[in-house]
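Here's the structure we're looking at; comments come further down.
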Amino acid sequence: MLLLIVVWRIWADQRLRSMPRMIFTVSLAGLSVTMKVLATSLKGVKVFLAELLWRTGGCTVKVYNLTGLLLFPLCAAAGAWLGWSVRHEPALQ
């Protein structure tokens with residue numbers, strides 16, 4: 001639900017051009033879904049990291065709108081690293 005609200009706010013904000021809004025929309029959905037799936041299959045600290053990255057989707061857009069600081073690439077890289085680090089987990093096979 002939060003993701004829907006964030007996407008709606010991005011598209012309602014006329015300060016951003018269409019291409020950045022589209023990139024944010026697609027990226028947020030992909031990262032959020034992937035991290036939530038990982039969180040249901042992992043244990044320990046990795047669950048915490050997946051849950052944290054799941055929640056960053058909405059936060060990175062707000063931080064960008066307020067400060068101009070684009071944190072999403074770092075979150076996406078962290079998500080990619082987390083996915084790669086658990087690629088041999090039996091629960092994910």
Side-chain angles (χ1 to χ4, degrees):
M1 183 63 169
L2 177 62
L3 184 60
L4 292 174
I5 293 168
V6 169
V7 169
W8 176 79
R9 291 282 305 167
I10 289 170
W11 284 94
D13 186 0
Q14 296 300 315
R15 292 177 294 175
L16 290 174
R17 293 188 210 149
S18 294
M19 187 59 74
R21 288 188 281 188
M22 183 187 68
I23 292 168
F24 275 128
T25 303
V26 171
S27 298
L28 287 175
L31 179 67
S32 294
V33 169
T34 304
M35 290 302 110
K36 193 57 180 174
V37 168
L38 273 178
T40 61
S41 303
L42 298 176
K43 295 178 184 160
V45 175
K46 291 182 179 180
V47 170
F48 172 75
L49 292 174
E51 290 284 345
L52 183 65
L53 289 168
W54 173 60
R55 287 173 174 80
T56 61
C59 299
T60 57
V61 174
K62 193 64 161 174
V63 168
Y64 178 76
N65 284 338
L66 294 174
T67 67
L69 183 61
L70 186 58
L71 296 176
F72 183 78
L74 296 174
C75 295
W81 170 83
L82 181 61
W84 183 258
S85 71
V86 299
R87 67 189 181 279
H88 297 300
E89 291 281 330
L92 299 174
Q93 301 302 320

Write down the atom of Thr60, the atom of Cys75, and the distance for their closest heavy-atom approach.
-> CG2-SG, 3.7 Å

In this structure, NZ of Lys36 is separated from CG of Leu31 (nearest 0.5 Å) by 13.0 Å

Linking I/L/V/M/F/W/Y whenever any side-chain heavy atoms sit under 4.5 Å apart, do Tyr64 and Leu74 land together?
-> no

Please round to the nearest 0.5 Å and tell me the distance separating atom CG of Leu82 and atom CG of Leu42.
-> 6.0 Å

Cluster link Leu38 to Trp81, ILVMFWY, side chain under 4.5 Å | yes

Measuring from Thr40:OG1 to Trp54:CH2, what's the distance to the nearest 0.5 Å?
-> 11.5 Å

Determine, using the 4.5 Å side-chain heavy-atom cutoff (strictly less than), whether Leu66 and Val63 are members of one ILVMFWY cluster.
-> no

Which heavy atom in Ala50 sits nearest to a heavy atom in Met35, and how many Å separate them?
-> O-CB, 3.4 Å

